[in-house]
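All remarks here apply to the structure that follows.
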Amino acid sequence: MNITILTLFPDMFTGFTTNSIMKRALGKGVATINVVNIRDFTKDKYGRTDTPPIGGGAGLIEKAQPIVDALASCRKENSHVILMSPRGKTYDESMAVSFAKEQDLIIVCGHYEGIDERVNDYVDELVSIGDYVLTGGEIPAMAIADSVIRLLDGAITAESLTDESFNGNLLEYPQYTEPYEFDGKTVPDILYSGNHAAIEKWRRKQSLLLTKEHRPDLFAKLELTKADKKLLAEAESGETPKWEKDALEKGKKFLHR
């Protein structure tokens, strides 16, 4: 997969592409990231890419010509072009999955007070990462590139993509590390039971509870199975269910104290 990012500030992407998982994924050829400097395409005699808005108003607006010409320089027949815009659909994991299926993704970053309205006619989709204001589209572009590339084969282990937050509209279950006790807080004993079926059931219950508490909007979208409803009823009762008691009893030898 190739991702091309059109920006006025290409240096902002240096750290993004040379660290951590992104560096490894790009190094293995899982994906390529090409950063195009919009400034290289301006025909303004003073080299500017922005101008005050026609009709007056605050700030500076990016001109259409440099963006459109920069886009023409890298757009292919199979390119899918997105423009970061507050008008766009709010980005989520389902969109990341969809974008990960593209062979050539182009992300156009706006900056300053906005861009010439006519640029919208040259893109396939408008995308927003939330209802707040940033100085430009560079950080949103990084967020999209990161979330897309990590889904590609070879970027991270397949196991790391399982049971993540937002998979199936569920938040991820709690995770713990050693030691067993830290600052008076302990790891749930069920995780030491050695009973993988019981652990999986406990984790499912925790995902349901966390989603219900912290993201009721996602919880409302869930199609609860009979088993899910039973897990929630167990939690509401406040009692430890038999399957968990049995797993803890049989797994006593594994418990870390």
Side-chain angles (χ1 to χ4, degrees), residues 1 3 21-22 25 31 80-103 105-108 110 120 123-134 137 139-153 155-176 188 190-191 195-244 247:
M1 177 185 201
I3 297 178
I21 292 173
M22 198 58 51
H80 185 74
V81 183
I82 64 175
L83 170 65
M84 306 313 305
S85 169
R87 298 183 199 173
K89 180 181 177 182
T90 302
Y91 190 66
D92 60 16
E93 186 66 11
S94 67
M95 293 176 72
V97 172
S98 176
F99 290 162
K101 297 175 183 178
E102 300 287 346
Q103 294 182 342
L105 183 66
I106 299 177
I107 306 174
V108 182
N120 293 332
V123 304
D124 298 309
E125 190 170 359
L126 304 180
V127 178
S128 168
I129 64 166
D131 296 339
Y132 47 88
V133 180
L134 296 172
I139 291 175
M142 292 180 200
I144 289 176
D146 184 287
S147 63
V148 168
I149 289 177
R150 67 185 303 280
L151 293 174
L152 302 178
D153 290 342
I156 59 178
T157 61
E159 291 80 4
S160 296
L161 296 175
T162 304
D163 294 331
E164 291 189 309
S165 289
F166 308 116
N167 281 354
N169 289 320
L170 275 176
L171 296 181
E172 189 176 8
Y173 48 77
Q175 299 276 26
Y176 297 88
I190 189 67
L191 298 178
N195 186 323
H196 296 295
I199 291 173
E200 183 177 349
K201 187 179 289 190
W202 179 87
R203 285 174 167 170
R204 177 72 180 184
K205 181 192 291 186
Q206 298 309 309
S207 287
L208 290 166
L209 292 172
L210 287 173
T211 306
K212 185 177 182 180
E213 178 182 359
H214 296 285
R215 290 297 303 272
D217 56 322
L218 293 178
F219 188 82
K221 298 177 183 179
L222 291 173
E223 294 185 8
L224 298 175
T225 65
K226 184 177 180 180
D228 289 339
K229 293 176 182 178
K230 186 175 181 180
L231 290 174
L232 288 170
E234 290 173 358
E236 291 174 1
S237 73
E239 298 181 0
T240 302
K242 184 177 184 303
W243 60 265
E244 189 170 345

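All values reported here derive from a predicted model rather than from experimental measurement.
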Report task. Any chance you could measure Thr211, atom OG1, to Leu218, atom CG, to the nearest 0.5 Å? Result -> 6.5 Å
Report task. Please tell me if the side chains of Met84 and Val108 come closer than 4.5 Å, counting only heavy atoms from C-beta onward. Result -> no
**Report entry** Distance (rounded to the nearest 0.5 Å) between Ile129 CD1 and Ser147 OG
**Finding:** 10.0 Å
Query raised in the report: If we only count heavy atoms from C-beta on, is the Leu170 to Arg204 side-chain gap below 4.5 Å?
Result: yes
Query raised in the report: Between the main-chain N or O of Tyr173 and the side-chain N or O of Ser207, is there a donor-acceptor pair closer than 3.5 Å?
Result: yes
Query raised in the report: Under 6.0 Å from the CG atom of Asp153, do we count more than 12 heavy atoms belonging to anything else shown?
Result: no
Query raised in the report: Step by step, would you call Ile82 with Asp124 a side-chain contact (heavy atoms from CB on, under 4.5 Å)?
Result: CA-CA 6 Å; Ile82 64 175; Asp124 298 309; 5.9 Å; no
Query raised in the report: What residues, two or more places apart in sequence or in another chain, satisfy side-chain contact (heavy atoms from CB on, under 4.5 Å) together with Ala198?
Result: Ile190, Asn195, Trp243, Ala247
Query raised in the report: Where does the angle between the aromatic ring planes of Phe99 and His80 fall among parallel (under 30°), tilted (30 to 60°) and perpendicular (over 60°)?
Result: tilted
Query raised in the report: Should Leu224 and Leu208 be marked as a side-chain contact (heavy atoms from CB on, under 4.5 Å) after you check the CA-CA gap, both sets of side-chain angles, and the distance that decides it?
Result: CA-CA 9 Å; Leu224 298 175; Leu208 290 166; 3.9 Å; yes
Query - Ion pair check, Glu236 and Lys212, cut-off under 4.0 Å - result: yes
Report task. Please lay out, stage by stage, how Asp217 and Phe219 fare under the test side-chain contact (heavy atoms from CB on, under 4.5 Å). Result -> CA-CA 6 Å; Asp217 56 322; Phe219 188 82; over 6 Å; no
Query - Shortest non-hydrogen contact between Ala100 and Leu152, atoms and distance - result: O-CD2, 3.5 Å
Report task. Check the surroundings of atom CD1 in Ile139: do more than 12 heavy atoms from other residues, nucleotides or ligands lie under 6.0 Å from it? Result -> no
Query - Beyond-backbone contact of Lys205 with Lys230, side-chain heavy atoms, under 4.5 angstrom - result: no
Query raised in the report: Between the side chain of Ser128 and the main-chain N/O of Arg87, is any donor-acceptor distance below 3.5 Å?
Result: no
Query - Distance in Å, Lys201 NZ paired with Glu244 CD, rounded so as to fall on 0.5 Å steps - result: 10.0 Å
Query - Glu200 atom CD, neighbour heavy-atom count above 12 within 6.0 Å - result: no
Query raised in the report: Just wondering, do Leu191 and Trp202 contact through their side chains at under 4.5 Å, heavy atoms?
Result: yes
Query - Note, Asn120 side chain near Leu83 side chain (heavy atom, < 4.5 Å) - result: yes
Query raised in the report: Does atom CG of Asp131 have more than 12 heavy-atom neighbours from other groups under 6.0 Å away?
Result: no
Query raised in the report: Hey, does Ile3 have a side-chain heavy atom less than 4.5 Å from the side chain of Ile149?
Result: yes
Query raised in the report: Does the side chain of Leu222 come within less than 4.5 Å of Asp228's, by heavy atoms?
Result: no
Report task. Start with the C-alpha distance between His214 and Leu171, add both sets of side-chain angles, then the distance that settles side-chain contact (heavy atoms from CB on, under 4.5 Å), and finish with yes or no. Result -> CA-CA 9 Å; His214 296 285; Leu171 296 181; 4.0 Å; yes
Query raised in the report: Hey, is CD on Glu239 packed in by over 12 heavy atoms from elsewhere, all under 6.0 Å?
Result: no
**Report entry** Interatomic distance, Met95 atom CE to Thr90 atom OG1 [nearest 0.5 angstrom]
**Finding:** 8.5 Å
Query raised in the report: So do the side chains of Lys89 and Val127 get within less than 4.5 Å of each other, counting heavy atoms only?
Result: no
